[in-house]
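Presented below is the structure to which this report refers.
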Amino acid sequence: MRSVFMGTPEFSQIVLRALCERGRAPVAVVTRADKPAGRGNTLSASPVKKYAVSRGIETLQPEKLSDPVFTERLCALSPDIIIVVAYGKILPDYVLKLPKYGCINAHASILPEYRGAAPMQRAIMDGKRETGVTIMKMDKGVDTGDTLLTLKTPLSDTDTLESVHDRLAELSAEGLLQALELIECGRAVFVSQDHEKASYAEKIRREDEVIDFRRSASELSCQIRALTPYPFAFCSFNGRSLKITKATVLEGPPEKEGIPGEVLAAGKNGIIVACGSGALLITEVFPENKRRMSAADFVNGARIKPGDKLVGVIGT
RNA sequence: CGCGGGGUAGAGCAGCUCGGUUAGCUCGUCGGGCUCAUAACCCGGAGGUCAGGAGGUUCAAAUCCCCUCCCCGCAA
């Protein structure tokens with residue numbers, strides 16, 4: 001079966017790699033155009049492009065999917081199916097209808113829950129006990145297509161965006177491979193979603209990253225894990241931003257009381273900070289302009305001590 | 001030429017603005033002591049070409065000026 005793969009970030013790259021290694025290499029890859037990124041705004045290629053180029057797979061990078069040059073090339077490739085994984089743009093109708101088997105998509109949630117841009121982050125943030133990937137046939141809506149299969153995975157209270165991201169990328173590849181099998185032998189059964197139960201995973205905004213210590217310790221733990229290793233949840237200490245990269249909810253009754261954000265203890269085990277409910281033991285931080293470091297190191301250098309305040313603010 | 005912060009003992013930092021005796025602090029490490037015991041406490045020691053430049057200024061540079069390399073935050 002001739003396939004074209006569309007995707008952009010690392011998540012897509014992992015899936016693409018798995019497909020290639022399992023004998024499902026696409027005839028071409030479509031990915032976002034190179035764009036200025038990072039310090040100095042140097043032009044950078046997407047992870048998918050880097051991998052495709054390394055494998056010698058034809059790579060298309062249209063600014064717009066309606067670009068006639070691209071359209072012509074895509075038609076000439078005559079794919080039987082287009083596999084879409086986090087491409088980043090809405091597909092126009094002609095693309096959806098071009099392949100015989102349409103466009104199938106791997107979405108990192110158990111649809112119809114968490115449609116949209118940040119399903120993994122939102123699921124972790126909400127403290128869900130389970131997530132997964134759904135393979136569906138794309139239609140005009142955002143993640144509204146008929147579903148073929150869902151692969152689930154439990155979420156623990158130590159999962160981070162990083163661990164979930166990697167796990168779901170593998171599951172996506174697995175699901176897509178199964179889907180291709182089913183479609184090829186004509187046994188694919190697509191089921192429409194229960195749109196009544198749909199929910200949306202809004203993309204992460206700056207305010208989602210701010211740590212508000214008036215919330216409960218367990219909620220903050222979810223927030224921190226949902227944003228690790230990118231872009232991280234942060235607060236502010238002595239006027240500088242301080243990302244919290246690792247923290248655990250302190251079990252048992254608090255030894256001390258404090259107003260939310262107040263440092264209750266700071267030592268080699270980490271920094272204990274009071275929350276709206278319960279306390280958080282911060283074990284790793286990422287200070288502005290510094291490297292990611294253990295809380296113990298930060299305590300040594302920054303001289304943070306009991307009574308100091310961690311503030312949740314949006315500042316620049 | 002997007003904006004900005006930084007490179008000082010194994011680690012995290014101070015010192016630099018207004019150059020000047022043995023470059024300081026917290027931790028780690030090593031040795032000793034206290035203790036039933038300890039990750040606790042006390043005493044002591046080792047460990048630094050102050051990123052690099054047989055650069056510039058100066059009687060004197062970690063501190064001021066110039067160049068190079070490297071790290072990081074923000075914005076996209």
Side-chain angles (χ1 to χ4, degrees), chain A residues 7-13 31-50 61-65 86-90 116-118 121 160-162 202-213 220 223-248 250-252 254-256 261-273 279-316:
Chain A
T8 297
E10 189 192 0
F11 189 90
S12 316
Q13 188 250 67
T31 192
R32 187 244 302 138
D34 294 357
K35 69 174 185 183
R39 227 168 282 128
N41 286 327
T42 49
L43 218 54
S44 74
S46 74
V48 163
K49 176 180 178 179
K50 287 177 184 163
Q61 298 178 276
E63 285 292 343
K64 289 184 175 182
L65 292 174
Y87 173 64
K89 285 183 179 175
I90 304 288
Q121 292 91 325
T160 63
L161 174 59
E162 183 171 34
E202 298 291 331
K203 86 175 178 190
I204 301 299
R205 297 159 171 278
R206 189 66 170 163
E207 54 261 40
D208 293 315
E209 299 164 21
V210 178
I211 295 176
D212 180 350
F213 286 102
L220 293 177
Q223 179 190 11
I224 290 163
R225 288 181 289 106
L227 300 176
T228 299
Y230 181 86
F232 291 118
F234 72 96
C235 59
S236 150
F237 177 65
N238 279 350
R240 297 227 170 199
S241 97
L242 182 68
K243 296 176 177 178
I244 309 296
T245 61
K246 199 173 290 179
T248 55
L250 219 54
E251 303 292 347
E255 295 173 10
K256 290 187 187 177
E262 182 178 348
V263 174
L264 300 178
K268 56 193 64 175
N269 293 323
I271 301 164
I272 297 174
V273 55
L280 215 49
L281 172 64
I282 297 168
T283 55
E284 193 185 73
V285 298
F286 198 156
E288 180 176 339
N289 293 329
K290 304 287 186 180
R291 291 161 191 275
R292 194 168 167 179
M293 65 182 74
S294 70
D297 280 344
F298 183 68
V299 169
N300 276 337
R303 301 302 161 81
I304 186 168
K305 58 190 183 304
D308 285 344
K309 300 289 188 329
L310 297 180
V311 189
V313 290
I314 298 181
T316 49

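Letters A, B, ... are given to chains in the order of the sequence lines, protein chains preceding strands, and every chain is numbered from 1. Being a predicted model, the structure only gives us computed values, none of them experimental.
A/Lys49 places no side-chain N or O within donor-acceptor distance of the main-chain N or O of A/Ala33, the cut-off being under 3.5 Å. At distances below 3.5 Å, at least one donor-acceptor pair connects side-chain atoms of A/Thr31 with backbone N or O atoms of A/Gly7. Under the 3.5 Å distance criterion, the side-chain polar atoms of A/Ser236 are left unmatched by any main-chain donor or acceptor of A/Val311.
A/Ala279 approaches A/Leu264 most closely through the heavy-atom pair CB-CD1, 4.5 Å. Nearest heavy-atom pair, A/Val299 versus A/Ile271, reported as atom, atom and distance to 0.1 Å: CG2-CG1, 3.6 Å. A/Ile244 and A/Cys235 make their closest contact through CD1-SG, 4.1 Å (heavy atoms, listed as atom of the first residue, atom of the second, distance). In terms of heavy-atom proximity, A/Glu284 sits nearest to A/Met293 at CG-O, 3.2 Å.
In this structure, A/Asn289 atom CG and B/rC74 atom P are separated by 9 Å, rounded to whole Å. One can place CG of A/Asn41 at 10 Å from P of B/rA76, the figure rounded to the nearest angstrom. What separates CD of A/Glu209 from C1' of B/rA75 is a distance of 13 Å, to the nearest Å. Distance, A/Asn269 CG to B/rA39 C1': 8 Å, rounded to whole Å. Between the CG atom of A/Leu242 and the C1' atom of B/rC74 there is a distance of 16 Å, rounded to whole Å.
Spacing of P atoms, B/rG6 relative to B/rG15, comes out at 10 Å, to the nearest Å. Comparing the P positions of B/rU17 and B/rA62 gives a spacing of 13 Å, expressed to the nearest Å. Distance noted for atom P between B/rC30 and B/rC18: 44 Å (whole Å). Of the C1' atoms belonging to B/rC43 and B/rC36, the separation is 23 Å, rounded to the nearest Å. Nucleotides B/rG10 and B/rG28 place their C1' atoms 7 Å apart, quoted to the nearest Å. Here the separation of B/rA40 from B/rC34, taken at their C1' atoms, is 11 Å to the nearest Å. A gap of 14 Å separates the C1' atoms of B/rG52 and B/rU8, to the nearest Å. Of the P atoms belonging to B/rC72 and B/rA60, the separation is 38 Å, rounded to the nearest Å.
With both pairing distances under 3.5 Å, B/rG28 is matched to nothing as a Watson-Crick or G-U wobble pair. For B/rC1, there is no paired base (Watson-Crick or G-U wobble, both distances below 3.5 Å). Taking a pair to require two hydrogen-bonding distances under 3.5 Å in either a Watson-Crick or a G-U wobble arrangement, B/rC69 pairs with B/rG7. The pairing partner recorded for B/rC41 is B/rG33, the criterion being a Watson-Crick or G-U wobble arrangement whose two distances lie under 3.5 angstrom.
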For nucleotides 40-46 of chain B, which of its nitrogen or oxygen atoms have a protein nitrogen or oxygen under 3.5 Å away, and what is each distance?
unit_1: B/rA40; atom_1: OP1; unit_2: A/Lys268; atom_2: NZ; d: 3.2

Could I get a table of every N or O pair under 3.5 Å where one atom is in the protein and the other is in nucleotides 12-14 of chain B?
unit_1: B/rG12; atom_1: O2'; unit_2: A/Asp297; atom_2: O; d: 2.7
unit_1: B/rG12; atom_1: O2'; unit_2: A/Gly301; atom_2: N; d: 3.3
unit_1: B/rG12; atom_1: N2; unit_2: A/Asn300; atom_2: O; d: 3.3
unit_1: B/rC13; atom_1: O2'; unit_2: A/Gly301; atom_2: O; d: 3.1

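Side-chain contact between A/Glu209 and A/Ile204: present, with at least one pair of heavy atoms (C-beta onward) separated by less than 4.5 Å. Inter-residue side-chain proximity for A/Leu280 and A/Ile224 is flagged as met; some heavy-atom pair is nearer than 4.5 Å.
Within 4.0 Å of A/Lys243, counting heavy atoms only, lie sugar-phosphate atoms of the nucleic acid but no base atom.
Between A/Pro36 and A/Gly40, the residue whose closest nucleotide on RNA chain B is further toward the 5' end is A/Gly40. Of the residues near RNA chain B, A/Glu288 and A/Arg240, the one whose nearest nucleotide (by heavy atom distance) lies more toward the 5' end is A/Arg240.
Ion pairing between a basic and an acidic side chain is recognised when a charged N comes within 4.0 Å of a carboxylate O; A/Asp308 and A/Lys305 show such pairing.
The structure places CG of A/Leu242 at 4.5 Å from CZ of A/Phe298, a figure rounded to the nearest 0.5 Å.
For B/rG73, the OP1/OP2 oxygens have a side-chain nitrogen or oxygen of A/Arg39 closer than 4.0 Å.
Closest to the side chain of A/Phe286, out of B/rG73, B/rA76, B/rC74, is B/rG73.
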